[in-house]
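What follows is one structure encoded as structure tokens, with my remarks underneath.
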Amino acid sequence: MEWTGARYADAPTVQVDAWIDGSPEQVWRFASDVVLMPELSGELQSVRWCDEGSAPALGRSFVGHNHHDMRGDWETTSYIVECEEPRVFAWAVTDPANPTAVWRFTLAPENGGTRLTQWAQMGPGPSGVTEVIARMPEKEQKIVHVRLSEFEASMTATLGAIKDRVETAG
């Protein structure tokens with residue numbers, strides 16, 4: 001990831017994409033399955049829906065249990081803020097009006113397959129990152145850069161895992 005010098009208040013973002021040999025409907029099955037995501041992520045350990053059912057829908061919420069070697073374990077509640085099958089799936093973490101992060105998958109038909117893009121925004125609401133910044137404000141830009149780099153690496157791995165699953169499932 002290239003250095004941007006971003007600060008947390010800038011609500012910095014990161015984005016990765018991959019072309020997948022499968023239809024948007026085939027890709028959607030995996031990209032919108034929040035319960036599957038722990039299998040594709042090093043940080044997200046488990047997910048449970050806050051209500052009955054298993055299908056994603058606008059307004060539904062889920063709890064994610066996370067682990068990071070530097071922070072330990074924590075849980076957050078996320079709220080689905082966009083859900084347009086098979087085009088876009090997004091959730092806001094903690095508070096949809098002032099999220100600690102926003103995550104989004106977009107799917108677009110391309111060359112007989114699908115262009116899957118994952119995008120994430122840090123902040124603007126307070127998070128574990130803001131707690132670290134409060135302890136070391138002189139290192140804010142480095143802290144933001146390192147966390148965005150972690151996001152980018154994780155997102156790249158997630159898209160690779162979705163690509164493998166779609167292309168293996170046929």
key: Heavy-atom donor-acceptor pair, T158 side chain to S154 backbone, under 3.5 Å   = yes

inquiry  = Counting only heavy atoms from other residues, nucleotides and ligands, does the tally under 6.0 Å from CZ of R115 exceed 12?
reply    = yes

ask   = M155 and V47: same hydrophobic cluster, using ILVMFWY side-chain contacts below 4.5 Å?
value = yes

remark   = Between T94 and Y79, the two heavy atoms sitting closest are O-CE1, 3.3 Å

ask   = Under 4.5 Å between side-chain heavy atoms, hopping through other hydrophobics if needed: is there a path connecting F30 to V35?
value = yes

note = Looking only at heavy atoms, the pair that brings E140 and A9 closest together is OE2-N, 4.3 Å

ask   = Is a donor on one side and an acceptor on the other found under 3.5 Å between the side chain of D95 and the backbone of A97?
value = yes

Heavy atoms of other groups near M70 CE, more than 12 under 6.0 Å = no

task = State, yes or no, whether a side-chain contact exists between L116 and I162 at a heavy-atom distance under 4.5 Å.
result = yes

message = Looking at every heavy atom in both V93 and S78, which two are closest together, and how far apart are they?
response = CG2-OG, 3.6 Å

message = Any non-hydrogen side-chain atom of T106 less than 4.5 Å from a side-chain atom of F89?
response = no

request  = Would you please classify the geometry between the W74 ring and the H68 ring as parallel, tilted or perpendicular, with 30° and 60° separating the classes?
outcome  = tilted

Minimum heavy-atom distance G64-L44, with the two atoms named = CA-CD1, 4.0 Å

key: Presence of salt bridge, R135 and E131, under 4.0 angstrom   = no

query = When you measure from the side chain of S149 to the backbone N and O of H145, does any donor-acceptor pair fall under 3.5 Å?
reply = yes

task = Describe, in one word, how the ring planes of W49 and F62 are oriented to each other, choosing from parallel (under 30°), tilted (30 to 60°) and perpendicular (over 60°).
result = perpendicular

ask   = Do any N or O atoms from the side chain of T100 and from the backbone of G123 form a donor-acceptor pair under 3.5 angstrom?
value = no

remark   = When every non-hydrogen atom of T114 is compared with those of P24, the smallest separation belongs to OG1-N, 2.9 Å

key: E82/R87 ion pair, N-O < 4.0 Å   = no

request  = Verify the distance criterion only: is there a donor paired with an acceptor across the side chains of S127 and Y8 at less than 3.5 Å?
outcome  = yes

task = List, by chain and number, the other hydrophobic cluster members for W119, where Ile, Leu, Val, Met, Phe, Trp and Tyr join if side-chain heavy atoms come within less than 4.5 Å, directly or indirectly.
result = V102

key: Atom of D21, atom of E167 and distance for their closest heavy-atom approach   = N-OE2, 2.8 Å

query = What residue pairs, at least two apart or across chains, pass salt bridge (Lys or Arg N to Asp or Glu O under 4.0 Å) with a residue in residues 40-49?
reply = E43-R147, R48-E75

key: Under the salt bridge (charged side-chain N to carboxylate O under 4.0 Å, His left out) test, residues paired with E25 that sit two or more places apart   = none

Check: I80 and P56 side chains under 4.5 Å, non-hydrogen atoms = yes

